[in-house]
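Structure first, then comments.
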Amino acid sequence: ENASYFYPSINSSLVISDLFPSITRNNVLSYLKVRGGVAKVGSDAGPYQLATLYNGSSSKFSGLPLYSLSNTSANPGLKPEQTESAEGGAEVSFFDERLTFDVTYFLKLTRDQIIPLTIAPATGFSATTINAGQLSNRGIEAMVTARPLRLRNGFQWTTTLNYSKIKSVVDALAPGLTTITIASQWGANIEARQGQPYGTLFGYDFKKDSATGLPLLSGGMYQRASVKSVLGNTIPDWTGGWMNEFRYKNYALSVLVDFRHGGKNFSIGNWWGTYAGVLDNTMKGREVDWDKPGLIAKGIDQATGKENTVRVTAEDFFHSYYPINSLGVFSTGFAKLREVRLNYDVPSKYASMLKLREMNVALVGRNLFTWTDFPNYDPENSSSATNGGQGFDMGALPTMRSFGLNFTITP
């Protein structure tokens, strides 16, 4: 019944500086364009989700084929996702295009999201697929390009800054649902909760003293809170980049730095590494021997109500990390030297000797340096194209720093 969907769109722009050329005659404003658009986009489910199927087995019983019923209950009433979006923006240049601004604001509403859902085994199945509620995304994207230097000898410097900020909120879920667990690891969940930002990280924090907010310690060690709480959100506050290009005759040097501010990750690698004592941060308290000089954690002693003075071994203290998810949650903010590229355009007279019209040679380095407070791992290791892959890491491999020599030719 829901096998088709309609997805129209309309986009339009108006170059005001062409419509009213007089506004550019003051040699300040060079170009002005406004644009806008609305769209409705449909997205269907994967195959075999409308009817419950039997799965064939490679084994046989007395030569007869074997089949078993799927553990997923299909949903014949499944509807396509629908995303309605609107955006508006402007592009404006000044001083003979030496300074350009490009800004876009957008709004997206996604309804009837197709989401897998765990159900009670008493139904005879373990999962089903449903259409769930509404998710709204609002955001702004901006880019500024400046050309501070354009010299007569051909030297030119171009610098570009871009910025993106998105706010995502779960407006509603399916009737009877207030939360859907997107992914779960070691007691921590990434959830879509009604009224909360999408990708909220829930887990166990340590007990805190109500008066001071400091950890409430027992025997000098942390205690796990009795209920889960919000530990952060996997979505960054904003992302951005800064590109600089220096060009002189046939040479061009470009440098790209990427930024990410905010966002949280439950680093299971750091959490377990601290528990096991294999990370350098666990050397604290055992500088003399495995049990000397020990640690006195900052907090309030639950027994006395006063500042903690109980000394424990580093081994016992870091073992108290295990049940407390918040001790493994870190900010994924970073600044990264993403790419440095040195280009050389081979003069046409030399390219023609190789029967080519154009030839470019480039020396490229990628992921050269990272500045971050995220311990031991690249903070991007928790990023993934799938919803369930964002916000967790466990034993991630180091990010590769690469160098390459590129040849681009036009016959």
**Study point:** Asp209 side-chain N/O to Ile300 backbone N/O, donor-acceptor pair under 3.5 Å
**Key:** no
Revision key, fill the gap. Which of Thr83, Val170, Asp171 passes side-chain contact (heavy atoms from CB on, under 4.5 Å) with Leu135? Answer is Val170
Check your understanding: Would a 4.5 Å heavy-atom cut-off, applied to side chains only, mark Phe266 and Phe330 as touching?
Key -> no
Exercise for review: Could you please spell out the steps behind the side-chain contact (heavy atoms from CB on, under 4.5 Å) verdict for Leu342 and Val340?
Suggested key: CA-CA 7 Å; Leu342 178 61; Val340 177; over 6 Å; no
**Study point:** Main-chain N/O of Glu339 paired with Arg366 side-chain donor or acceptor, under 3.5 Å
**Key:** no
Review point. Taking side chain as C-beta onward, heavy atoms only, is Arg35 less than 4.5 Å from Asn11?
Key: no
Practice item. For Asp301 and Gly220, indicate whether the former's side chain and the latter's backbone hold a donor-acceptor pair under 3.5 Å. Key: no
Exercise for review: For residues Leu231 and Lys264, report the shortest heavy-atom separation together with the two atoms involved.
Suggested key: O-CG, 4.0 Å
Exercise for review: Is it possible for you to check whether Arg338 lies under 6.0 Å from the centre of the six-membered ring of Phe259, through NZ or CZ, and within 45° of that ring's axis?
Suggested key: no
For residues 249-257, dump all side-chain donor-acceptor pairs below 3.5 Å to protein atoms at least two apart in sequence or in another chain.
residue, atom, partner, partner atom, Å
Asn250, ND2, Asp345, O, 2.7

Exercise for review: Applying side-chain hydrogen bond (donor to acceptor under 3.5 Å, both in side chains) between Asn265 and each of Asp393, Asn270, Thr234, report the one that passes.
Suggested key: Asp393
Practice item. Give a yes or no on whether a salt bridge exists between Arg401 and Asp378, defined as a side-chain N under 4.0 angstrom from a carboxylate O. Key: no
Check your understanding: Which pair of non-hydrogen atoms, one from Ile296 and one from Asn308, has the smallest distance, and what is that distance?
Key -> CG2-O, 3.6 Å
Exercise for review: Please lay out, stage by stage, how Lys228 and Glu191 fare under the test salt bridge (charged side-chain N to carboxylate O under 4.0 Å, His left out).
Suggested key: CA-CA 12 Å; Lys228 293 183 179 181; Glu191 300 183 14; 5.7 Å; no
Review point. Taking the side chain from Ser17 and the backbone from Leu32, do they hold a donor-acceptor pair closer than 3.5 Å?
Key: yes
Check your understanding: Is the Tyr248 ring parallel, tilted or perpendicular to the Phe155 ring (thresholds 30°, 60°)?
Key -> tilted
Review point. For the side chain of Arg311 and the backbone of Leu295, is there at least one donor-acceptor N/O pair under 3.5 Å apart?
Key: no
**Study point:** Asn162 (side chain) donor-acceptor with Gly241 (main chain) under 3.5 angstrom
**Key:** yes
Exercise for review: Nearest 0.5 Å please: distance from the OG1 atom of Thr158 over to the CZ atom of Arg147.
Suggested key: 5.0 Å
Check your understanding: If you round to the nearest 0.5 Å, how far is CG of Leu368 from CG of Leu337?
Key -> 4.5 Å
Check your understanding: Rounded to the nearest 0.5 Å, how far does NZ of Lys33 lie from OG of Ser13?
Key -> 5.0 Å
Review point. So, the side chain of Gln223 versus the backbone of Leu216: is there a donor-acceptor pair under 3.5 Å, distance only?
Key: yes
Exercise for review: Look at the aromatic rings of Trp238 and Tyr163 and report parallel, tilted or perpendicular, splitting at 30° and 60°.
Suggested key: tilted
Practice item. Would you mind telling me which of Thr129, Asp44, Asn75 makes a side-chain contact (heavy atoms from CB on, under 4.5 Å) with Ile114? Key: Thr129
Review point. Parallel, tilted or perpendicular for Trp272 and Tyr275, by the 30°/60° rule?
Key: perpendicular
Exercise for review: Would you indicate whether the side-chain heavy atoms of Tyr222 and Phe317 approach each other to under 4.5 Å?
Suggested key: yes
Check your understanding: If you measure from the Lys or Arg side-chain nitrogens to the Asp or Glu carboxylate oxygens, is any gap between Glu380 and Arg260 under 4.0 Å?
Key -> no
Practice item. Could you tell me whether the side chain of Pro197 reaches within less than 4.5 Å of the side chain of Lys167, counting heavy atoms only? Key: no
Exercise for review: Report yes if the side chains of Pro236 and Thr332 come closer than 4.5 Å at any heavy-atom pair, otherwise no.
Suggested key: no
Practice item. Check for a donor-acceptor pair, side chain of Gln196 on one end and backbone N or O of Gln194 on the other, with a separation under 3.5 Å. Key: no
Check your understanding: Ser93 side chain to Thr100 main-chain N or O, any donor-acceptor pair under 3.5 Å?
Key -> no
Check your understanding: Between CZ of Arg150 and CD of Gln156, what distance do you get to the nearest 0.5 Å?
Key -> 6.5 Å
Exercise for review: For residues Leu327 and Thr274, determine if any side-chain heavy atom of one lies less than 4.5 Å from a side-chain heavy atom of the other.
Suggested key: no
Exercise for review: Find the distance between CD (Glu307) and CG (Leu217) and round it off to the nearest 0.5 Å.
Suggested key: 10.0 Å
Exercise for review: Please round to the nearest 0.5 Å and tell me the distance separating atom CH2 of Trp271 and atom CE of Met394.
Suggested key: 9.0 Å
Review point. Does the side chain of Phe106 come within less than 4.5 Å of Ser85's, by heavy atoms?
Key: no
Practice item. Could you tell me whether the side chain of Asn325 and the main chain of Tyr204 form a donor-acceptor pair under 3.5 Å? Key: yes
Exercise for review: Considering only NZ, NE, NH1 and NH2 on the basic side and carboxylate oxygens on the acidic side, decide whether Arg111 and Glu84 come within less than 4.0 Å.
Suggested key: yes
Check your understanding: Which pair of heavy atoms, one from Pro148 and one from Arg98, lies closest together, and at what distance?
Key -> O-NH1, 3.7 Å
Check your understanding: Heavy-atom count around Tyr322 OH within 6.0 Å, excluding the residue itself: above 12?
Key -> no
Check your understanding: Are side-chain heavy atoms of Leu99 and Phe101 found at a separation under 4.5 Å?
Key -> yes
